[in-house]
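Below: the structure, in structure tokens.
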Amino acid sequence: MAARLRDPATLLPSLVGASSPHSRLREIHAHLLVSGRLASPSHHADFVASLASSSHLSYARLLLPRRPATLLVHNGLLRALARGPCPGLAFAAFRELPLAPDHYSFTFLVRAATSLAAAASSATPVPTDVAVSLLAGSVHAAAFRHGHAADLHVQSGAVSMYAAVGDVGAVRAAFAEIMSPDVVCVTAMLGALSAGGDVDTARELFDRMPQQDHVAWNAMLTGYVRVGRAREALGLFDEMQKAGVSVGEATLVSVLTACAQMGALERGMWVHSYVCSRGMRVSVTLGTALLDMYSKCGVVTMAMEVFESMTERNIYTWTSALSGLAMNGMGEECLELFKRMESTGMEPNGVTFVAVLRGCSVAGLVEEGRACFDSMKDKHKAEPWLEHYGCMVDLYGRAGCLDDAVNFINSMPVEPHEGVWGALLNASRIHNNADLGKHAMYKLTKIESKNDAAHVLLSNIYAESHNWKGVSKVRNMMKSKGVKKVPGCSAIEVDGKVHEFFVGSKSHPRYKDIETMLAGMSHKLRLQGYTANTKEVLFDIEEEEKEGAISLHSEKLALAFGLITLPEGTVIRIVKNLRVCKDCHDYTKMISKVFDREIVMRDRNRFHHFKHGACSCRDYW
DNA sequence: GTAGGGTTAG
């Protein structure tokens, strides 16, 4: 009965639009009054909270003085504000509180501070605002002053709050305060640790928990995913299922993110069919995670199918789709989709522009990219980030407009970062401009002296122009500076199992077969007139010590394994942690022709779709 | 008759 009475008030956000005029609200208000449905204080509180949470804050405030003030009403208001789009308003309401706050009030304030901190850290790539950090401290201090800091809800909230502002010391202190932490408190700590990248400590805590519920499992899962340990995340998911823990949306989203990271398409598709077969509702978050998984596994058609089937799309959805098209080399489609997005009134943010600019870059759409960059400021009033400047340099440089790239850098209103010089360096490599490359390298190493990828790029530039002295100079430079190259690793999924290959590694159980296959591949390629680029092989900086190492580059090993194990006609999908080297790229193109196989190779930052001897990147990467 | 922990884009 009581629940039915509450209906009109709690349903308010859906009854009236956020832009409804006061007259319409008065009508509803009058109706509720006359029918007696606002008689009890709790219904009144619900009504006020509903108004506040549907952006009718001013009307909600009008209602406040109409009754004797109750904490219920005011706390409801605080809750609505803390959860709303402007959590800061909760503090204003708190200051005007006509009654002494209780422990409920403080959970809402802690929540508001947490949301503010989260918003601040996602808006910019820099560490969270000092102001938000101070705010968190003062909320906590106020809770102490009012004697409500010992409440379990406030305490676990404080742990999450300090994690959101990135204050590791405060997180530990807040957790240490808790006399007898329950599952929720420990899980909050778990989440805080893994958000700070300290998954191993989080795991210890997790293993020590007397019993873990599904939220604790999820916190652990996302911890692994966040630091890029996708394999462990999937392993944990297996354990979770064995333990019979209920699998909900949050779990699946994390699992999909792990699949996306690893390029584990089969596992990702398993999640998709799991969702479908159980008739689960595909929420925006789940849909976006699915779409992103497909893009990052190189299956753009499925990604777009998911996108089109979604009934609700937020900025993450749009940006993920745009970015998927961009990284799969579909620049025109990316721009098209961006226009569609603009026409729906969805406002792009900085991340969206990164995606669109990258789309322009892969397709060589210089003018469009320039227009897009300009529209950021003019039309969308968004200040470009360093990333956007980097994208522009990449756009000009990749298209061969090296002068434009240099002029663009010179006209930047902010100091260029390593990404900008890295983009110029890469452009120099594509267009064989050793002098410009040297300049970019000089600038880059002044900022980041030990960038291994940059050293490899420069060496490639020298090797390309047969400047072997230059190559060995770079090699010595790396030695003397102690620059360690991250070992190349290629992964391929077969029957749901991901196999990893490192350069020249012979440890795979089927190495003998792989070796035989590699020999067969070389033989077939030679018949087709392919000659390995032997001079460059000798100076391949990635593997100078190993004889013939280039023929054992990780992507070649994975490719051979794929040819052995995957039935004819299926696409071979390989995920590499670094960029593909030129020789492997040429080699793979040939393989796609000679073996008549479609090969999809995911690079460090984009996709190569090989088919009939050509690559979707048009040899610009 | 109000609360707390886990979920998507670079």
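In what follows, chains carry the letters A, B, and so on, assigned in the order in which the sequence lines appear, proteins first and then strands, with residues in each chain numbered from 1.
Of the candidates B:dT2, B:dG6, B:dA9, B:dT2 carries the atom nearest the A:D102 side chain, counting heavy atoms from C-beta on. The A:A250 side chain lies nearest to B:dG6 when the options are B:dG10, B:dG6, B:dG4. The side chain of A:A219 lies closest to B:dG6, out of B:dT8, B:dG6, B:dG4. Proximity note for A:S156 (side chain, C-beta onward) versus B:dG4, B:dA9, B:dA3: the nearest is B:dG4. Relative to the side chain of A:V184, the nucleotides B:dG5, B:dA3, B:dT8 differ in distance, and B:dG5 lies closest. With distances taken from any side-chain atom of A:D151 to the nucleotides B:dA3, B:dA9, B:dG4, the minimum falls on B:dA3. Residue A:T187 has its side chain nearest to B:dG5 when only B:dG1, B:dG5, B:dT8 are considered. Closest approach to the A:V215 side chain among B:dG5, B:dG1, B:dT8 is made by B:dG5 (side chain taken as heavy atoms from C-beta onward). Between B:dG10, B:dT8, B:dA3, one nucleotide has an atom nearer to the side chain of A:A289 than all others, and that is B:dT8. Minimum atom distance to the side chain of A:N314 is reached by B:dT8, of the listed B:dT7, B:dT2, B:dT8.
Atom CG in A:L205 sits roughly 12 Å away from atom C1' in B:dG5 (whole-Å rounding). Atom pair A:F353:CZ and B:dG10:P shows a separation of 17 Å (rounding to whole Å applied). A:L325 places its CG atom 16 Å from the P atom of B:dA9, with the value rounded to the nearest Å. Remark: C1' of B:dT7 and CE of A:M280 are 11 Å apart, rounded to the nearest angstrom. Following rounding to the nearest Å, A:D292 (CG) and B:dA9 (C1') show an atom-to-atom distance of 7 Å. Summarising the geometry, the separation between CG on A:L221 and P on B:dG5 is reported as 18 Å, rounded to the nearest angstrom. Regarding A:M327, its CE atom lies at a distance of 9 Å from the C1' atom of B:dA9, rounded to whole Å. What separates CG of A:L193 from P of B:dG5 is a distance of 16 Å, to the nearest Å.
When the side-chain nitrogen and oxygen atoms of A:K296 are compared with OP1 and OP2 of B:dT8, none of them lie within a distance under 4.0 Å. At least one side-chain nitrogen or oxygen of A:R83 sits closer than 4.0 Å to the OP1 or OP2 atom of B:dG4. In this structure, A:R111 reaches the B:dG4 phosphate: one of its side-chain N or O atoms is under 4.0 Å from OP1 or OP2. Under 4.0 angstrom from either OP1 or OP2 of B:dG10 there lies no side-chain N or O belonging to A:R358.
If you check distances only, the side chain of A:N218 never reaches the base of B:dG5 with a donor-acceptor pair under 3.5 Å. Between the side chain of A:D213 and the base of B:dG5, at least one donor-acceptor pair of N or O atoms lies under 3.5 Å. Side-chain atoms of A:N349 and base atoms of B:dA9 include a donor and an acceptor less than 3.5 Å apart.
When all heavy atoms are compared, the tightest approach of A:P101 to A:L71 is CA-CD2, 4.4 Å.
Aromatic pair A:Y162/A:H140: ring centres closer than 6.0 Å. In summary, the aromatic rings of A:F307 and A:W318 are positioned with their centroids under 6.0 Å apart.
Between A:V139 and A:F91, the closest side-chain pair of non-hydrogen atoms falls below 4.5 Å. Taking 4.5 Å as the limit, some side-chain heavy atom of A:M327 sits within range of a side-chain heavy atom of A:K296. Side chains of A:W621 and A:F607 form no contact here, defined as non-hydrogen atoms less than 4.5 Å apart.
Across all strands shown, A:S283 has no heavy atoms under 4.0 Å from either base or sugar-phosphate atoms. Residue-level contact check: A:V154 touches neither bases nor backbone, having no heavy atom under 4.0 Å from any strand.
A stacked arrangement is assigned to A:H153 and the six-membered base ring of B:dA3, with a centre-to-centre distance below 5.5 Å and an interplanar angle below 30°.
Atom CE of A:M412 has more than 12 heavy atoms from other residues, nucleotides or ligands within 6.0 Å.
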